[in-house]
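Right, one structure below, let's go through it.
Values reported hereafter were calculated over all heavy atoms of this structure, with side chains retained and with hydrogens, waters and symmetry mates removed. Bear in mind the structure is a predicted one, so any value in this text is a computation, not a measurement. Residue numbering restarts at 1 for every chain, and letters A, B, ... go by the order of the sequence lines.
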Amino acid sequence: MLEPRFVRENPDAVRAMLSRRGTKVDLDRFLALDTELREIQRRRDDTRAEQKQLAKQVPSLEGDERSAAMAKSKELGQSIKPMGKRIQELEAEFKTLHLAIPNMLDDEVPPGLAESDNVELRTWGDKPSFDFDIRDHLDLCEGLDLLDMKRAARVAGSRTYFLRGDLVLLELAVLRYALDLIASRGYLPLAPPFIVNRSAMEGTGYLPFGADQAYECARDDGFLIGTSEVPITSLHGGELLSEDDLPRRYAGYSACFRREAGAAGKDTRGLYRVHQFMKVEQVVFCHNDERESRQLHEEILANAEDVLQGLRLPYRVIALCGGDIGRSSAFTYDIETWMPGRDNYGETHSASRYYEYQARRLGIRYRPKGGGKPLICHTLNNTVVASPRILVAILENNQRADGSVQVPEVLVPFMGKEVLARAK
RNA sequence: GGAGGGGUGGCAGAGUGGUCGAAUGCACCGGCUUGCUAAGCCGGCGUACUCUUCACGGGGUACCCCGGGUUCGAAUCCCGGCCCCUCCGCCA
């Protein structure tokens, strides 16, 4: 969230941001609440100060003076109560609005509100050319009997799947390949809880918006994570970190769950958009320093690019426009990987920098080396690899005329074979 | 699921109705000292909000897991919740 003082002092900048994002928040109401709250809090504080003063005198007084002080103090106490009630009401409304204000955008965020306004920054790799009629991943898997979505639908509904045989091994291979790569760069692997509480969801900005996307375990007020960013960014919530070990780099390894509400009818074919997937995610905590944030953002982007380059998958890097960027993010790069079956690029990675936005919500701070006030950390994250979506690209880019699929060279050591075998 | 114990400042750990925002130790910061070596000495050192000052600074309120309550006055008493630990049971 943004610092209330910042919003108070820069309402025009906040309004400009809202319009760049094409979103609305009742900022006037927010500012009015802010003013009213501070005003009533001050009155409450003053009254309370007076009351405390009296209460403090009580033990040293006697007789009438004593009972007078007690009575007066009680009276003041009574008058404070309604103020407290009012403050609570106002605060609740204030908090709701506060959480609703998205992060400020960096200057270089491309203008525009539609997906088509995103800007392609660069491409890498040559799209494969096939001298035969290509199959998409679903057809390939069908031919090799590596996937069962029909029965999955019966067992678990739409957008679910059973991977079979070598496809299971391929998933494990690509995850392990990615995890090894990121770990070798100083990222600490973490296997986090897949169910988190409300405050972790709020802190990372997945609530209240995005509530539609999360599976809720209502009985226990828990939520299935849509990404390990949620538990891992929350890892240091409420902590005062030592500056010595900033930046901290983590590699989350988890299953992810998404309801895909509102995506009905979209990407219904195959493994592209599913309710459950596996992901290795990079999460970074760093100093309260924009330059460092930007530098690390390039780092996590490069890590992901290296994963794809290792796999020899063509991709492009795009900058998300104001209307397409997440509410918590100040700037987001997406990486889209070439998927011949779609005859298009498909999003496989998303790298965001948040500056203070998440860490402020979560209360993640560090004390600067020479002493002084604690500062709020910055956070960033990016995908390393997500499966099965990455399998779509791997399968389709490495298919052969006979419907078989070559295992990418870097995965062979993890697979123990060079070609996917039929499952039966 | 049953029984018990506990949640206090960066950490450890006192405090069970008033002068406690909170002892002490460690860590940290500033200074002094120093040939006697992970040293000693002196001083400082919570956070948030808010008011005030040109500034240095000063004032106020809140916070001892969270939320209610009792009281002139709550870290301390009462109620509810969350979390942690130990033992027993059950189970992967």
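Across all strands shown, nothing is found opposite B:U71 as a Watson-Crick or G-U wobble partner with both distances under 3.5 Å. Taking a pair to require two hydrogen-bonding distances under 3.5 Å in either a Watson-Crick or a G-U wobble arrangement, B:U19 remains unpaired. Here B:G25 sits opposite B:C11 as a Watson-Crick or G-U wobble pair (both hydrogen-bonding atom distances under 3.5 Å). Judged by Watson-Crick or G-U wobble contacts below 3.5 Å, the nucleotide B:C56 has no partner. For B:C41, the paired base is B:G31 (Watson-Crick or G-U wobble, both distances below 3.5 Å). Judged by Watson-Crick or G-U wobble contacts below 3.5 Å, the nucleotide B:U76 has no partner. Figure legend. B:G1 is base-paired to B:C88; pairs are counted as Watson-Crick or G-U wobble with both atom distances under 3.5 Å. Summarising the base pairing, B:C63 is matched to B:G46 through a Watson-Crick or G-U wobble pair whose two defining distances lie under 3.5 Å.
Listed by chain and number, the residues in a salt bridge (Lys or Arg N to Asp or Glu O under 4.0 Å) with A:Glu281 are A:Lys279 (sequence neighbours excluded). With sequence neighbours left out, A:Arg342 forms a side chain to side chain contact (heavy atoms under 4.5 Å, CB included) with A:Asp267, A:Tyr272, A:Met339, A:Asn344. Evaluation of the ring-ring contact (aromatic ring centres under 6.0 Å, His included) rule for A:Tyr357 yields no partner, not counting sequence neighbours.
Seen from the ring of A:Tyr215, A:Arg258 does not count as a face-on cation partner, given the 6.0 Å and 45° thresholds.
One finds a side-chain N or O of A:Lys74 lying less than 4.0 angstrom from the OP1 or OP2 phosphate oxygen of B:C72. The phosphate of B:C72 has neither OP1 nor OP2 within less than 4.0 Å of any side-chain N or O from A:Lys72. Proximity of A:Gln41 to the phosphate of B:C49: no side-chain N or O atom is located under 4.0 Å from OP1 or OP2.
Distance A:Leu61 CG to B:G18 C1': 13 Å, rounded to the nearest Å. In this structure, A:Arg43 places its CZ atom 17 Å from P of B:U50, rounding to the nearest Å. For A:Arg38 and B:C49, the CZ to P distance is 12 Å, given to the nearest whole Å. Computed from coordinates, the A:Arg42 CZ to B:A48 P distance equals 21 Å when rounded to whole Å. Atom CG of A:Leu54 is separated from atom C1' of B:G73 by 11 Å (rounded to the nearest Å). For the pair A:Glu91 CD and B:C49 C1', the interatomic distance rounds to 10 Å; values are reported in whole Å. Rounded to whole Å, the distance from CD on A:Glu9 to P on B:C49 is 12 Å. In this structure, NZ of A:Lys56 is placed 14 Å from P of B:G73, rounded to the nearest angstrom.
No more than 12 heavy atoms of other residues, nucleotides or ligands sit less than 6.0 Å from atom CZ of A:Arg151.
Here, B:A3 and B:U61 have their C1' atoms 43 Å apart, quoted to the whole Å. If you take atom P in B:A48 and the same atom in B:G9, they sit 15 Å apart, rounded to whole Å. Nucleotides B:G46 and B:C11 place their C1' atoms 13 Å apart, quoted to the nearest Å. Only the P atoms considered, B:U76 is 8 Å distant from B:C65, to the nearest whole Å. With both ends at atom C1', the span from B:U70 to B:C77 equals 8 Å, rounded to whole Å. When the C1' atom is used for both B:C91 and B:A12, the distance is 37 Å, rounded to whole Å. As rounded to the nearest Å, B:C87 and B:G68 have C1' atoms that lie 33 Å from one another. Across B:A62 and B:G67, the matching P atoms stand 14 Å from one another, rounded to whole Å.
Taking the six-membered ring where the residue is Trp, A:His287 and A:Tyr366 present perpendicular rings, their angle passing 60° and hence far from 30°. Below 30°, between 30° and 60°, or above 60°: for A:Phe94 and A:Phe30 the angle between ring planes is below 30°, a parallel geometry.
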Could you pull out every donor-acceptor pair under 3.5 Å between side chains of residues 406-417 of chain A and any protein atom, sequence neighbours left out?
from: A:Gln406; atom 1: OE1; to: A:Arg400; atom 2: NH1; distance (Å): 2.8
from: A:Lys417; atom 1: NZ; to: A:Asp166; atom 2: OD1; distance (Å): 2.9
from: A:Lys417; atom 1: NZ; to: A:Asp166; atom 2: OD2; distance (Å): 2.9

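Using a distance-only test at 3.5 Å, with no hydrogens or angles considered, no donor-acceptor pair links the side chain of A:Arg249 to the main chain of A:Ile182.
Nearest-nucleotide positions on RNA chain B for A:Arg8 and A:Gln51 put A:Arg8 closer to the 5' end. Heavy-atom distances to RNA chain B give each of A:Gly372 and A:Met70 a nearest nucleotide, and the one nearer the 5′ end belongs to A:Gly372.
Residue contacts shown for A:Pro4 are absent, as no nucleic acid heavy atom lies under 4.0 Å away. Residue contacts shown for A:Arg5 are limited to sugar-phosphate atoms, with no base heavy atom under 4.0 Å away. The residue A:Gln57 sits apart from the nucleic acid: no heavy atom pair falls under 4.0 Å. Counting any heavy atom pair closer than 4.0 Å across all strands shown, A:Arg360 reaches no nucleic acid atom.
When only modelled atom types and interatomic distance are considered, A:Glu91 and A:Gln41 share a side-chain donor-acceptor pair under 3.5 Å.
Counting heavy atoms from C-beta outward, A:Ile40 and A:Arg43 have side chains that approach closer than 4.5 Å.
Taking every side-chain heavy atom of A:Pro59 into account, B:G18 is the closest of B:G18, B:C51, B:C72.
A side chain to side chain donor-acceptor pair (under 3.5 Å) with A:Arg353 holds for exactly one of A:Asn382, A:Asp106, A:Asn381; it is A:Asp106.
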Between the protein and nucleotides 59-70 of chain B, list the N/O to N/O atom pairs that are separated by less than 3.5 angstrom.
from: B:U61; atom 1: O2'; to: A:Asp45; atom 2: OD1; distance (Å): 2.8
from: B:A62; atom 1: OP1; to: A:Arg48; atom 2: NE; distance (Å): 2.5
from: B:A62; atom 1: OP1; to: A:Arg48; atom 2: NH2; distance (Å): 3.1
from: B:A62; atom 1: OP2; to: A:Lys52; atom 2: NZ; distance (Å): 2.8
from: B:G68; atom 1: OP1; to: A:Gln88; atom 2: NE2; distance (Å): 2.4

Close N or O pairs between protein and nucleotides 9-11 of chain B (under 3.5 Å):
none

